[in-house]
Every structure is written in structure tokens, then in C-alpha cells.
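Reviewing the structure listed below.
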Amino acid sequence: MTKKAAAVAPVLVRHVIWLGWKLVVFLSFALCFIALLRLHFSPDISSPTNSLSRTRWRSRIPRYNFDGPPKIAFLFLARLNLPLDFLWGSFFEKADAANFSIYIHSAPGFVFDETTSRSHFFYNRQLTDSIQVAWGESSMIEAERLLLATALQDPANQRFVLLSDSCVPLYNFSYIYRYLMASSRSFVDSFLDLKDGRYHPKMSPVIPRDKWRKGSQWISLVRSHAEVVVDDGVVLPVFKKFCKRRPAVDTSKGKLNLKLQKQHNCIPDEHYVPTLIAMSELEGDIERRTLTYTLWNQSATKMDNKAWHPVTFNYADASPKRLKEIKDINHVHYESEARTEWCQTNSTFVPCFLFARKFSRGAAMRLLSEGVVGPFDASSLLGNS
């Protein structure tokens with residue numbers, strides 16, 4: 001090797017090393033930049049509240065301006081048909097069609113027409129993308145979200161009321177419309193769940209223990225809160241994974257029941273919306289109560305494992321006296337929080353409940369004959385605001 005070649009070799013080595021370091025530095029900067037972009041645009045699992053806030057800004061619901069009266073979207077969650085359609089038909093008959101819309105989640109493929117419904121108000125109001133729903137499963141809250149998502153496509157829908165197929169109105173349309181429109185708040189039953197042990201530790205850190213709530217699934221939402229429910233991509237996956245109903249006791253399974261009953265028990269529809277509202281820091285924007293009255297009765301049989309069940313109102317139970325007792329309820333007490341929720345709208349005391357369940361056909365017929373959905377002076381309580 002010549003002296004000249006020997007002198008050039010170290011220079012080439014230093015040049016290669018220098019280029020290598022430049023490449024390393026460039027790649028480091030590029031990776032840091034990509035990481036920052038991902039942090040900025042991706043949900044932050046460790047900070048669920050922040051990610052929920054960003055989700056609201058990324059709402060998939062189209063924004064429209066609408067001209068005309070705001071509407072109530074009545075969202076019926078039905079097993080198949082609507083057995084009380086004759087009562088609701090009379091209810092809607094006395095309403096201005098510009099003030100309401102109807103959506104039904106029923107079994108996939110079921111169609112509401114003149115052969116399946118006694119009221120034309122329900123014809124073809126079923127969702128075309130309905131799913132099979134099982135009580136106590138996450139499919140229940142998915143069906144609720146489908147109803148809300150469909151109703152949100154109409155910009156005139158400004159209030160969203162979720163109802164079961166056994167719900168009845170306690171007042172006529174005029175009163176219910178003015179009651180809901182007089183308030184800018186949602187009605188979501190929500191309280192601390194301290195006894196049932198339904199919170200799964202593995203839900204943390206996405207759902208902190210102090211944000212876990214329980215309440216009736218029968219909600220009434222303003223439009224912005226309906227969008228929060230439909231846009232949620234943070235809380236729902238956790239519910240699907242960790243909030244599942246424990247299998248019912250089956251005596252034919254013998255000792256296997258002991259193992260099954262040790263499984264964690266959670267009823268998604270009793271927790272999802274109130275927990276999501278708490279996670280979204282929106283509890284200050286809601287009335288923490290439901291508008292749907294339910295009478296609960298505890299079963300003490302071994303098969304039911306002391307479960308609570310809603311009482312069904314039959315013809316004899318739907319007397320004027322009993323209905324007046326329900327309508328006269330003006331507060332709800334929550335033992336777990338030592339909280340009494342006084343029912344008000346714009347600082348005016350109002351009845352707590354607009355709807356009730358579970359009503360049989362006989363009870364609904366009695367309501368109709370008693371004129372419950374008939375004329376009523378809606379201005380007597382809410383004024384002209």
C-alpha cells in the first residue's frame with residue numbers, strides 16, 4: 001500500500017462514520033416527530049376524559065342548520081312488535097306531526113305495517129340495521145346507540161327519549177313536549193354504585209372507579225349528549241370486554257352452578273350512559289333522574305337469586321288513584337349518595353315522571369278509557385316559556 005492510499009483510508013472511515021451519525025440523528029428526529037403526531041391524533045387510553053373530549057370534536061354526525069319547530073325523537077326499544085301501539089297511536093293522533101319523529105329497534109327483519117301494527121304512525125319506522133338483542137348483554141346498549149345515530153340524521157330532532165315496548169305516557173303530547181323543551185338539560189338517572197360490586201377492576205385506568213355510575217336505562221337526552229353517546233369509542237369497548245351478565249342459575253347444571261355464580265356480574269344498560277356522562281365531565285349539565293317510573297319488586301326465590309324485577313301493571317293497578325300517586329311524586333331519594341333530587345324545570349317544581357312501565361294491554365286500555373292521553377292544559381305548570 002502506498003503512503004497516499006494509507007493517508008486516504010482514515011479520511012474515508014471518518015467520512016463514513018460522520019454520515020452514519022447524521023443518518024442516526026435524522027432518523028431519531030423523524031421517529032420523535034411521528035410519535036408526537038400519534039400522541040396528538042390518537043386516543044390516550046391513560047387519559048380517558050381527554051380522549052372523550054376529543055371524540056366529541058370529531059363527531060361523525062353531520063351538522064345541519066334547521067328551520068322550524070324542534071322535534072322529540074321517540075326511540076322505541078322493542079322485542080318484536082309494539083303491544084301498546086293503540087295507546088301510543090292515540091297519543092300521537094293529538095300531536096302536530098312537525099313536533100315529533102318515531103324510530104323503532106326491533107328484531108332484525110321485522111317490519112311495521114298494517115299487518116303488524118294497529119297504528120299508522122309506526123308503519124316502516126323500524127331500523128333497517130337492527131341487531132339481535134339479549135337482555136343483560138352489551139347488544140342492548142348497541143341497539144340504543146343505533147336508535148340515537150339514526151335519529152341524529154334529522155337535524156330537527158333536538159330531544160331523544162328512549163322507551164321500552166311496555167312504556168306508557170302519563171300525560172298528553174302537549175304537556176310532554178313543553179316539559180322537555182322547557183329544559184336545556186338531559187334526564188339521566190345516575191348515582192354512585194357502592195353495593196352491587198359490578199365494577200370490574202380491569203376497567204381501570206380507562207374507567208376510573210370514581211366515575212362508575214348506575215341508573216335506569218330509560219333516558220332523555222338533548223342533542224349534544226346524544227352525539228356523545230353515538231361518538232363514544234373509548235368507554236364502549238371496555239364495557240363489551242368487562243361488563244357482562246353472570247349466567248342465570250340452572251339447577252340442571254348441578255355443581256357447575258357454583259363456578260358460574262363466581263363470575264363477575266354486570267348489567268351494561270344500567271351503567272353505560274351514566275358512566276359515559278360522568279367520564280365526559282357532563283354531570284353538571286344533566287338532571288340526574290329518569291322521566292320513566294318503574295315499580296321494583298325483589299324476588300326471593302333461589303332461581304332468581306333475590307333479583308329485582310319491575311312490577312307489571314295490570315288493569316286493576318291502573319286506577320285513577322294509582323296514576324295520581326305516580327304523578328304526584330315530586331322528588332327521588334338516592335341512598336348511596338344521601339341525595340334527594342327535587343324535580344324542577346327552570347326553577348319550577350314539576351312532576352318527576354312523564355312515562356311509566358311496565359304496563360299490560362289491559363292497563364293501557366284503561367289509561368285510554370280514562371282519557372290519560374286526552375286534552376290537558378300544558379301551560380298550567382310550565383307557563384309559556
Side-chain angles (χ1 to χ4, degrees), residues 43 45 48 51-52 55-56 60-61 75-80 103-110 126-152 160 162-165 186 188-191 193 196-209 211-219 221 225-249 260-280 282 290 292 294 305 307-310:
I45 293 298
S51 63
L52 284 170
T55 300
R56 290 202 295 276
R60 298 184 296 272
I61 306 302
L75 314 177
F76 289 92
L77 196 56
R79 296 174 181 83
L80 193 64
Y103 303 87
I104 309 169
H105 186 286
S106 184
F110 188 84
Q126 72 280 347
L127 302 191
T128 58
D129 56 350
S130 63
I131 60 175
Q132 195 64 47
V133 174
W135 180 83
E137 303 293 340
S138 60
S139 57
M140 182 75 79
I141 55 179
E142 290 183 89
E144 295 175 13
R145 283 160 50 94
L146 284 171
L147 281 165
L148 288 167
T150 304
L152 281 167
F160 303 79
L162 184 65
L163 300 160
S164 77
D165 53 14
S186 293
V188 178
D189 194 37
S190 177
F191 55 91
D193 179 26
D196 287 351
R198 292 180 178 180
Y199 178 80
H200 198 301
K202 291 185 179 180
M203 291 179 175
S204 179
V206 180
I207 302 176
R209 182 69 179 84
K211 297 294 185 183
W212 182 249
R213 300 288 187 270
K214 184 179 179 182
S216 168
Q217 77 176 110
W218 311 113
I219 55 177
L221 302 179
H225 295 165
E227 291 175 352
V228 169
V229 175
V230 171
D231 286 337
D232 169 42
V234 176
V235 176
L236 181 63
V238 179
F239 264 72
K240 285 183 175 181
K241 189 172 183 180
F242 297 114
C243 185
K244 298 179 180 180
R245 178 173 61 95
R246 181 189 299 145
V249 175
L260 292 174
Q261 293 308 302
K262 289 181 180 179
Q263 293 182 18
H264 189 263
N265 188 47
C266 184
I267 309 299
D269 57 82
E270 294 182 0
H271 296 274
Y272 175 65
V273 173
T275 297
L276 177 60
I277 292 293
M279 290 277 295
S280 304
L282 291 171
T290 180
T292 301
T294 305
N305 196 27
W308 287 89
H309 298 283

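Keep in mind that this is a model prediction, so the values were computed, not measured. Starting from 1, each residue takes its place in the sequence as its number.
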Using a 4.5 Å cut-off on heavy atoms from C-beta on, say whether the side chain of Tyr199 contacts that of Arg209.
-> yes
dist His200:NE2 -> Asn265:CG (nearest 0.5 Å) comes out at 11.5 Å
Are the side chain of Ser139 and the backbone of Ala134 linked by a donor-acceptor contact shorter than 3.5 Å?
-> yes
With the side chain counted from C-beta on, respond yes when Tyr272 and Met140 share a heavy-atom pair under 4.5 Å apart, and no when they do not.
-> no
Compare all side-chain heavy atoms of His225 with those of Ser280 and state whether any distance is below 4.5 angstrom.
-> no
Here the pair of heavy atoms bringing Pro208 nearest to Met279 is CD-SD, 3.5 Å
Decide yes or no for Phe239 and Ser138: does some side-chain heavy atom of the first lie under 4.5 Å from some side-chain heavy atom of the second?
-> no
Is the backbone N or O of Ile219 less than 3.5 Å from a side-chain atom of Thr290, with the two atoms forming a donor-acceptor pair by type?
-> no
Got a second to check how far Arg198's CZ is from Met203's CE, nearest 0.5 Å?
-> 11.0 Å
Inter-residue atom distance Leu148.CG - Phe160.CZ, 0.5 Å rounding = 7.0 Å
Less than 4.5 Å apart, any side-chain heavy atom of Val188 and any of Arg213?
-> no
When rounded to the nearest 0.5 Å, the distance separating CG of Leu282 from OG of Ser186 is 8.5 Å
Residue set satisfying salt bridge (charged side-chain N to carboxylate O under 4.0 Å, His left out) with Lys241, at least two apart, ordered chain then number -> none
Is Cys266 close to Phe242 at the side-chain level, that is, under 4.5 Å between some pair of heavy atoms?
-> no
Taken in chain and number order and not counting sequence neighbours, the residues that satisfy side chain to side chain donor-acceptor pair (under 3.5 Å) with Glu144 are Gln217
How far does CG of Leu75 sit from CG of Leu146, to the nearest 0.5 angstrom?
-> 11.5 Å
For Thr150, which of Ile104, Thr128, Leu127 qualifies under side chain to side chain contact (heavy atoms under 4.5 Å, CB included)?
-> Leu127
Just by modelled atom types, is the Gly215 backbone N or O under 3.5 Å from a matching donor or acceptor in the Ser190 side chain?
-> no
Listed by chain and number, what are the salt bridge (charged side-chain N to carboxylate O under 4.0 Å, His left out) partners of Arg79, not counting sequence neighbours?
-> Asp165
Nearest 0.5 Å, what's the CD1-CG distance between Ile141 and Leu77?
-> 12.0 Å
Walk me through it: do Ile267 and Trp135 pass the test side-chain contact (heavy atoms from CB on, under 4.5 Å)?
-> CA-CA 9 Å; Ile267 309 299; Trp135 180 83; 4.1 Å; yes
Asp232 and side chain to side chain contact (heavy atoms under 4.5 Å, CB included): which partner among Val234, Val230, Val229?
-> Val234
Counting N and O atoms only, with roles assigned by atom type, does the side chain of His105 sit under 3.5 Å from a partner on the main chain of Ile131, one being a donor and the other an acceptor?
-> yes
Contact summary for Phe76 and Ser164, nearest pair of heavy atoms | CD2-O, 4.1 Å
